[in-house]
Amino acid sequence: MDRLPPQRAGQVNFWRHLPKLERDALTRVGTERSVEAGEALPVRDEPGITVVTAGAWIRLQAGSARASRSIIDLAAPGDLVSALHPTDPAGPQWLGEMADIHGAVLARGRILDVAQEMIPIVLGDLPHIQNLIRTIQAEQLHFARQLQAVRRLKIDVRLSRLLLSLLHRFGERPVANRNVLAPPLSQADLAAWVGASETSIGRILRQWRDDGLVRSGYSWVSIEDRKSLRDLANSSAVPYARYPAPGRRRMTSGSAASAQRRIMPRMAGLDLAGDLPPGLHAPQRAEGYRG
């Protein structure tokens with residue numbers, strides 16, 4: 001079968017959206033260093049700005065134990081490791097009181113760290129950076145809330161939504177004679193992200209391989225039949241909506257806040273606070289959500 005060109009990433013990439021002047025300014029006030037696979041990067045204590053400047057993929061997660069960790073998001077080269085904290089050190093309500101939130105390095109590369117005490121200076125002198133961070137925050141919250149709101153649905157629905165979201169957000173990379181999802185995610189990562197056991201995820205992937213929906217190997221997944229996967233992702237309670245949404249507009253800081261409040265649709269019968277990943281606590285529902 002002839003392969004289509006790899007799908008390009010659809011989400012806003014922080015580093016690539018900055019003019020050279022602003023990249024140079026961040027480089028002057030920050031510290032660039034190498035990171036290795038398996039390294040942990042604390043992001044909850046005294047959060048600053050951490051940018052993946054080259055090579056690395058970094059998984060943002062709560063907890064470290066394989067059986068109980070929860071994946072919150074993923075950062076590709078050029079992304080912020082976490083967009084949730086720089087303009088609001090407390091983070092969103094749904095992260096609760098969990099202290100052990102960190103980035104787990106999946107592939108070696110380089111990062112740029114800007115210390116917390118420099119954030120007010122950076123955001124004050126370079127307002128475009130603050131607007132860009134708020135745009136990315138809205139995207140990150142949209143993605144996290146979409147996945148959290150369907151945690152009561154069947155595992156195959158949750159997994160299909162995750163794979164399609166990763167496709168639209170991060171795109172694909174060519175490997176041999178096929179295109180695979182760009183992120184290097186293991187079966188254990190997929191299980192932690194959708195809140196299921198590795199055994200359940202393995203069983204679903206085997207069935208999907210037999211049905212021609214996907215192919216998979218060590219830390220890679222190739223989506224072979226997007227239409228069938230979208231059909232699986234749909235639910236009468238929560239229809240699947242492509243991420244990022246078609247026709248998305250770049251937002252100013254003012255419009256980003258209002259967009260965050262609108263970004264999660266009403267979902268009958270689903271309780272966001274009750275559907276959070278294991279280990280995350282939400283004493284109140286996230287702002288802007290109405291069950």
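Just so we're clear, the structure is a prediction, and the values are computed from it rather than from any experiment.
- Annotation: side chain of Ile49 is not in contact with side chain of Leu112 (no heavy-atom distance under 4.5 Å).
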Take Leu26 and Trp15 through the test side chain to side chain contact (heavy atoms under 4.5 Å, CB included) and record every step on the way to the result.
-> CA-CA 10 Å; Leu26 284 180; Trp15 197 244; 4.0 Å; yes

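- Asp79 is linked by a salt bridge (Lys or Arg N to Asp or Glu O under 4.0 Å) to nothing, counting only residues two or more places apart in sequence or in another chain.
- Put simply, the side chain of Ser222 gets close to the backbone of Asn179: a donor and an acceptor are under 3.5 Å apart.
- Within the model, atoms CD1 of Ile223 and CG of Leu167 stand 4.5 Å from one another, a figure rounded to the nearest 0.5 Å.
- Here Met118 contributes atom CE and Arg28 contributes atom CZ; the two are 10.5 Å apart, rounded to the nearest 0.5 Å.
- Considering only residues two or more places apart in sequence or on other chains, Asp210 meets the side-chain hydrogen bond (donor to acceptor under 3.5 Å, both in side chains) condition with none of them.
- Taking the side-chain hydrogen bond (donor to acceptor under 3.5 Å, both in side chains) definition, one finds that Ser197 meets it with Ser200, sequence neighbours left out.
- Nearest heavy atoms, Ile101 versus Ala62: CG1-CB, 4.2 Å.
- Here Ser160 pairs with Trp208, Leu229, Leu232, Ala233 under the side-chain contact (heavy atoms from CB on, under 4.5 Å) rule; sequence neighbours left out.
- With sequence neighbours excluded, no residue forms a salt bridge (Lys or Arg N to Asp or Glu O under 4.0 Å) with Asp211.
- Using modelled atom types, one finds no donor on one side chain facing an acceptor on the other under 3.5 Å when comparing Arg110 with Thr53.
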Show every donor-acceptor pair shorter than 3.5 Å between a side-chain atom in residues 181-190 and any protein atom, with sequence neighbours excluded, or say none if there are none.
from, atom 1, to, atom 2, distance (Å)
Ser186, OG, Ala188, N, 3.4
Ser186, OG, Asp189, N, 3.1
Ser186, OG, Asp189, OD2, 3.2
Gln187, NE2, Glu198, O, 3.3
Asp189, OD1, Arg59, NH1, 2.7
Asp189, OD1, Arg69, NH1, 3.3
Asp189, OD1, Arg69, NH2, 3.1
Asp189, OD2, Arg59, NH1, 3.3
Asp189, OD2, Ser186, N, 3.1

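- In this structure Thr31 satisfies the side-chain hydrogen bond (donor to acceptor under 3.5 Å, both in side chains) test with no other residue, sequence neighbours excluded.
- Legend: residues meeting salt bridge (Lys or Arg N to Asp or Glu O under 4.0 Å) with Arg226, ordered by chain and number and at least two apart, are Glu172.
- Between His128 and Pro19, the shortest heavy-atom contact is CD2-CD, 3.8 Å.
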Could you give me the CA-CA distance, side-chain angles and deciding distance for Phe14 and Ile129, then say whether side chain to side chain contact (heavy atoms under 4.5 Å, CB included) is met?
-> CA-CA 9 Å; Phe14 178 78; Ile129 291 181; 4.0 Å; yes

Full working for side chain to side chain contact (heavy atoms under 4.5 Å, CB included) between Leu74 and Leu60 = CA-CA 6 Å; Leu74 190 69; Leu60 183 66; over 6 Å; no

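- Between Leu159 atom CG and Ile201 atom CD1 the span is 4.5 Å, to the nearest 0.5 Å.
- Taking all atoms of both residues into account, the shortest heavy-atom contact from Ala76 to Val52 is O-CB, 3.6 Å.
- Contact detail for Gln61 and Ala104: the closest heavy-atom pair is OE1-CB, 3.8 Å.
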Worked verdict on Arg158 versus Trp193 for side chain to side chain contact (heavy atoms under 4.5 Å, CB included) | CA-CA 9 Å; Arg158 284 141 50 190; Trp193 214 333; over 6 Å; no

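- The line from CG of Leu164 to CZ of Arg230 is 7.0 Å long, rounded to the nearest 0.5 Å.
- Here Asp156 does not pair with Arg203 in a salt bridge; the nearest charged N to carboxylate O distance is not below 4.0 Å.
- Atom CG of Leu41 and atom NE2 of His102 lie 8.5 Å apart (nearest 0.5 Å).
- Taking each heavy atom of Arg23 and Leu18 in turn, the nearest pair found is NH1-O, 2.6 Å.
- Ion pairing of Asp24 with Lys20 is present here, as a side-chain N (NZ or NE/NH1/NH2) and a carboxylate O approach within less than 4.0 Å.
- Expressed to the nearest 0.5 Å, how far OG1 of Thr199 lies from CD1 of Ile204 amounts to 11.0 Å.
- Ile111 approaches Ile58 most closely through the heavy-atom pair CG2-CD1, 3.9 Å.
- Remark: Asp125 engages Ile121 in a side-chain contact (heavy atoms from CB on, under 4.5 Å) (not counting sequence neighbours).
- Taking Arg209 as the reference, Ser216 meet the side-chain hydrogen bond (donor to acceptor under 3.5 Å, both in side chains) condition, with sequence neighbours excluded.
- Of the possible polar contacts, one joining the Asn13 side chain to the Pro77 backbone as a donor-acceptor pair under 3.5 Å is found.
- Shown here are the side-chain contact (heavy atoms from CB on, under 4.5 Å) partners of Arg108, two or more places apart in sequence or in another chain: Glu36.
- Put simply, the side chain of Glu32 does not reach to within 4.5 Å of the side chain of Val51, judged on heavy atoms.
- With sequence neighbours left out, the salt bridge (Lys or Arg N to Asp or Glu O under 4.0 Å) criterion links Asp113 to Arg33.
- A side-chain donor from one of His168 and Gln7 sits under 3.5 Å from a side-chain acceptor of the other.
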